[in-house]
Amino acid sequence: MGHPEGYTATDILARYKRMRGYNVLHPMGWDAFGLPAEQYALQTGTHPAETTKKNINRFREQLQALGFSYDWQREVSTTDPDYYKWTQWIFLKLFEKGLAYEAEAPVNWCPALGTVLSNEEVVNGRSERGDHPVVRKPMRQWMLKITAYAERLLADLELVDWPESIKEMQRNWIGKSEGAEVDFAIDGLDATLRVYTTRPDTLFGATYMVVAPEHPLLDHLVTDDTRHAVAAYKTAAANKSDLERTELAKGKSGEFTGSYAVNPVNGEKIPVWTSDYVLVSYGTGAIMAVPAHDERDYEFANTFDLPIAEVISGGDISKEAFTGNGVLVNSANTEIDLNGMDVAESKAAITAWLEQKGLGAGKVNYKLRDWLFSRQRYWGEPFPILHVDGKPVAVSADLLPLVPPTVDEYRPSPEGDPPFSRNAEWVNTVDPVSGKPAWRETNTMPQWAGSCWYYLRYIDPQNDQAPVDPEKEKYWMPVDLYVGGAEHAVLHLLYARFWHKVLFDCGVVSHPEPFHRLVNQGMILGEVEITLFRDSEGKPVSDSEVRNRENEFTSERIPESEAVKKGEGFVWKQDENIRLRARAHKMSKSRGNVINPDDVVMKYGADSLRLYEMFMGPLEQVKPWSMKGVEGVYRFLNKVWRLFELPISDSACDADQARLLHGLIKKVTEDVEGLRFNTSIAAMMEFVNAAGKWDSLPREAAERFVLVLSPFAPHLGEELWQRLGNTETLAYVDWPEFDEAVLLMDEVEILVQIKGKPVARIMASPKASPEELISLAKAQPDVAAAIAGKRLVKEIAVPGRLVNLVAV
RNA sequence: GCCCAGGUGGUGGAAUGGCAGACACACGGGACUUAAAAUCCCGAGCCGCAAGGCGUGCGGGUUCGACUCCCGCCCUGGGUACCA
């Protein structure tokens, strides 16, 4: 169980909104397909459904112990056949619309483990678990055509109230770029090489071409002289992992194909190379290289001694590629002259010319790739697909759900086929429509599938006629507030938006975007650790010496008492020349800094955990855990309890008490609306500190305080509510109102500054006009003395706040 | 490299452009106690005996007034990575 920070935040808001009379849909569900249960099944032979059920029960208990007010009647699990029936139904919609297709795609196959691994499970070409070699093996996969929705996924970000950072990450992921495709003829071959470029303006500066090692034309480009070397290069590139092709590749590699392309603007013959710095999956898989104005091409040209031709002035191409804006040079033929134009002008001019000549056209590209949507695993949704005569055919929707077959083992077959293939009786069947022999799809859907639409099912979890009733959907959607971790910023949120848009096009949902407001809770780190480093001889060394070479040193965690603050950081008490490292780290089992919420609940109670998680700081921020901080809020709750040991009086609040009470209600109301839970807790603490000094507690103050506290600490809230003589839960009692009039003071302190420096304080009505304040201020003896004999250049007064006299 | 977020006491953090450090933790002092725990009271940004000075990563700017707005940098964290 992770930290219940987001759950607590939404629970507080849900409880608050309920008290304000809203219908609140606050559900919980389980995204329970996937690895943990499958791993356990592999090891023990236990059916994953059994493990899943157990895990869900344990998790539900943990959540219930924290007092979250979920509507458990709406609980869903992605692994429940009544749920995944509709996941499969949505897949059929995608299939019908041509958005789901089969393709050969390379996957990470680990022969030793007999399974396919995700990219995250592969480290340096070896399996994270067991350190076995991993190879890239093409396999038949299901793909979803998310690229067809790229433009809408980009444009509709304007419709939602999300943090700008998340929107920006999605924009980058979609990666729209505008440029042109240009056709180059190949000298001596009846073939053209099409390239994509965002810089058609630099066409006159193209001095060579590069095709990706996987480019289909490559085999036609090689000559007898180059065939051998190019084949070797292709093999080497194919065996490189993604990581090796990018991060680890310091320099450029490549091979000359033996062919030449003809630059359509000047008829120049330029060599065609192949290199893995060009990706087959982006654009056309081929580029025109303009080393003078592209950093990658520049590096490649220098490595292989290829010519560099300047076509934009403004840089020094003998030193580096110039990628900025400038004036075009050396860019004219008999029909078109770009010289003298800037980059933007020349782009438009050359693109128009290419289009007119039929040599190319403007083109928009996206980095976004189609979504690899199948896994070779057991514990996932079966695809409702039959293969008949070599073609995929949809299983009729009224035969859903299609449940996973029983198998003797939960691992792939010895041939490497997915686990479902172990049950031949299930796989081999007959197409009920044509009566022809058919075999069932044996891949399963990835874990994303079920989590792409769960928010819709919460609205109508029992419906067996549709994923969601249209009327109910209209009433509840879109989701008003989604609190989640930033780790979902791109993939989950993009996939869910994609499915939602498909459902929108099918008329299943009424709004183009699923989640109106999104807030990312910040991660909670472990406690701050202070680390002392020592070199190989055991001599202590400063943190700054260690930077980026951690593995050459040993580190030890030392207690806070051995550290002293000096300058920016901490130094070691025993030798103040040794700088220490003070940092909080991500909670992880291997680091041993995991704080288990269960333990905190056991020791301090659920309300303390809830309150502390909210008191730590702003919801969105990354925050380090502190057990001392938990004790602090625990003390506060005890103080609240003791406050209610005061006699409860039936007399009304006096003016000061009322002002305090209404101030609290105002502060908490506004802060909860703005999700500023930390400052609302601080306000409650101030109230309790002040009220603790009273002789008795007026009933109206006692009751309203409990109501305001209750969304944060529901257990204590209900208990105190009962002790005040109430017999019903406070969950649906009206949230207390505040009265601005009560907050008004007859007189407030006004600061008087002279040239911005505080000089005196005067008392005045908060409504006093600037003129009144200024004359009052000038009459104050200290002020009068300070400005005596000086000329007042400017007089500023802010009612209720301050007076600033600028005297020279 | 690029994109995003952030840098305020010993610590977590608070401050519609208007007295920086609310609230809490840790710390020091005191009360209660045989003692401890719990609780309560008091103190405290830094330098300085004091007067006073200096303080929101650094350098500029706008303003009567800047943690807050603008420009340029530095550092930390997260994401991404040869996308032509």
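Being a predicted model, the structure only gives us computed values, none of them experimental. Quick note on labels: first sequence line is chain A, next is B, and so on, each numbered from 1.
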Between [N] and [M], how far is it from one [atom1] atom to the other, in whole Å?
N: A26(B); M: G21(B); atom1: P; result: 22 Å
N: A66(B); M: C2(B); atom1: P; result: 33 Å
N: U63(B); M: U8(B); atom1: P; result: 29 Å
N: G7(B); M: G55(B); atom1: C1'; result: 16 Å
N: G78(B); M: C64(B); atom1: P; result: 43 Å
N: A14(B); M: C69(B); atom1: P; result: 15 Å
N: A24(B); M: A44(B); atom1: P; result: 16 Å

Give one of base, sugar-phosphate or nothing for [X], where a contact means two heavy atoms less than 4.0 Å apart.
X: Gln753(A); value: base
X: Asp297(A); value: nothing
X: Arg583(A); value: sugar-phosphate
X: Lys367(A); value: base
X: Thr197(A); value: sugar-phosphate
X: Arg676(A); value: nothing

Could you check whether [X] pairs with [Y] (Lys NZ or Arg NE/NH1/NH2 to Asp/Glu carboxylate O, under 4.0 Å)?
X: Glu562(A); Y: Lys573(A); result: no
X: Lys234(A); Y: Glu214(A); result: no
X: Glu164(A); Y: Arg171(A); result: yes
X: Arg581(A); Y: Glu529(A); result: no

Nearest to the [X] side chain among [options], which nucleotide is it?
X: Lys628(A); options: C25(B), A24(B), G13(B); answer: C25(B)
X: Ser177(A); options: A84(B), C19(B), G53(B); answer: A84(B)
X: Trp173(A); options: A84(B), A14(B), U80(B); answer: U80(B)
X: Phe615(A); options: C19(B), A84(B), G12(B); answer: G12(B)
X: Pro618(A); options: G13(B), C82(B), A84(B); answer: G13(B)
X: Glu749(A); options: C19(B), A14(B), A84(B); answer: C19(B)
X: Asn172(A); options: C3(B), C19(B), U80(B); answer: C3(B)

Identity of whatever pairs with [N] - Watson-Crick or G-U, under 3.5 angstrom:
N: G52(B); answer: C47(B)
N: U16(B); answer: none
N: A24(B); answer: U11(B)
N: U80(B); answer: G1(B)
N: C40(B); answer: G30(B)

Are the side chains of Glu795(A) and Lys778(A) in touch, meaning some heavy atoms are under 4.5 Å apart?
->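 A side-chain contact under 4.5 Å exists here.
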Where Gly526(A) and Ala584(A) come nearest, the two heavy atoms and their spacing =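 Taking Gly526(A) first and Ala584(A) second, the nearest heavy atoms are O-CB, 3.5 Å.
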Can you tell me which residue pairs pass the salt bridge (charged side-chain N to carboxylate O under 4.0 Å, His left out) test with a partner in residues 668-681 of chain A, sequence neighbours excluded?
->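 Every pair satisfying salt bridge (charged side-chain N to carboxylate O under 4.0 Å, His left out) with a residue in residues 668-681 of chain A: Lys17(A)-Glu673(A), Lys666(A)-Glu670(A), Lys667(A)-Asp671(A), Asp671(A)-Arg676(A).
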Figure out the [atom1]/[atom2] separation between [X] and [N], and round it to whole Å.
X: Met684(A); N: A14(B); atom1: CE; atom2: P; answer: 15 Å
X: Leu619(A); N: G12(B); atom1: CG; atom2: C1'; answer: 16 Å
X: Glu631(A); N: A37(B); atom1: CD; atom2: P; answer: 13 Å
X: Lys586(A); N: G79(B); atom1: NZ; atom2: C1'; answer: 11 Å
X: Leu493(A); N: G79(B); atom1: CG; atom2: P; answer: 15 Å
X: Gln170(A); N: U80(B); atom1: CD; atom2: P; answer: 13 Å

Going 5' to 3' along nucleotides 4-11 of chain B, which nucleotides have protein heavy atoms under 4.0 Å from the base (write B), which only from the sugar-phosphate (write S), and which from neither (write -)?
-> S-----SS
Taking [Y]'s backbone N and O only, do any of them form a donor-acceptor pair with [X]'s side chain (distance below 3.5 Å, no angle check)?
X: Lys176(A); Y: Ala150(A); value: no
X: Thr284(A); Y: Arg194(A); value: yes
X: Asn520(A); Y: Gly484(A); value: yes

Is the NZ atom of Lys755(A) crowded by more than 12 outside heavy atoms at less than 6.0 Å?
->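 Count not over threshold, so no.
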Look at atom CG of Asn325(A) and say whether more than 12 heavy atoms of other residues, nucleotides or ligands are closer to it than 6.0 Å.
->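 Yes, enclosed.
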Do any side-chain atoms of residues 204-211 of chain A form donor-acceptor pairs under 3.5 angstrom with protein atoms, and if so which ones, sequence neighbours left out?
residue	atom	partner	partner atom	Å
Thr207(A)	OG1	Pro307(A)	O	2.8
Tyr208(A)	OH	Tyr277(A)	OH	3.3
Tyr208(A)	OH	Asp297(A)	O	3.0

Quick one: is Tyr282(A) getting a side-chain N or O under 4.0 Å of the A84(B) phosphate, OP1 or OP2?
->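 For A84(B), OP1 or OP2 has a side-chain N or O of Tyr282(A) closer than 4.0 Å.
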Do the side-chain N or O atoms of Asn689(A) get closer than 4.0 angstrom to the phosphate oxygens (OP1, OP2) of C23(B)?
->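 For C23(B), neither OP1 nor OP2 has a side-chain N or O of Asn689(A) closer than 4.0 Å.
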Mind running a 4.0 Å heavy-atom check of residues 791-807 of chain A against RNA chain B and sending the residues that fall below it, in number order?
->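 Those residues whose heavy atoms fall under 4.0 Å from RNA chain B, taken from residues 791-807 of chain A in numerical order, are Lys794(A), Ile796(A), Val798(A), Arg801(A), Leu802(A), Asn804(A), Val806(A).
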Specify the residues of residues 632-644 of chain A, ordered by number, for which at least one heavy atom lies under 4.0 angstrom from an atom of RNA chain B.
->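 Residues of residues 632-644 of chain A that come under 4.0 Å of RNA chain B are, in numerical order, Gly632(A), Arg635(A), Lys639(A), Arg642(A).
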Please check if any side-chain donor atom of Thr303(A) sits under 3.5 Å from a side-chain acceptor atom of Tyr298(A), or the reverse.
->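 Note: Thr303(A) and Tyr298(A) side chains miss the donor-acceptor criterion.
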Show which side-chain atoms of residues 635-642 of chain A pair as donor or acceptor with protein atoms under 3.5 Å away, not counting sequence neighbours.
residue	atom	partner	partner atom	Å
Asn638(A)	ND2	Tyr634(A)	O	3.1
Lys639(A)	NZ	Asn689(A)	OD1	2.8

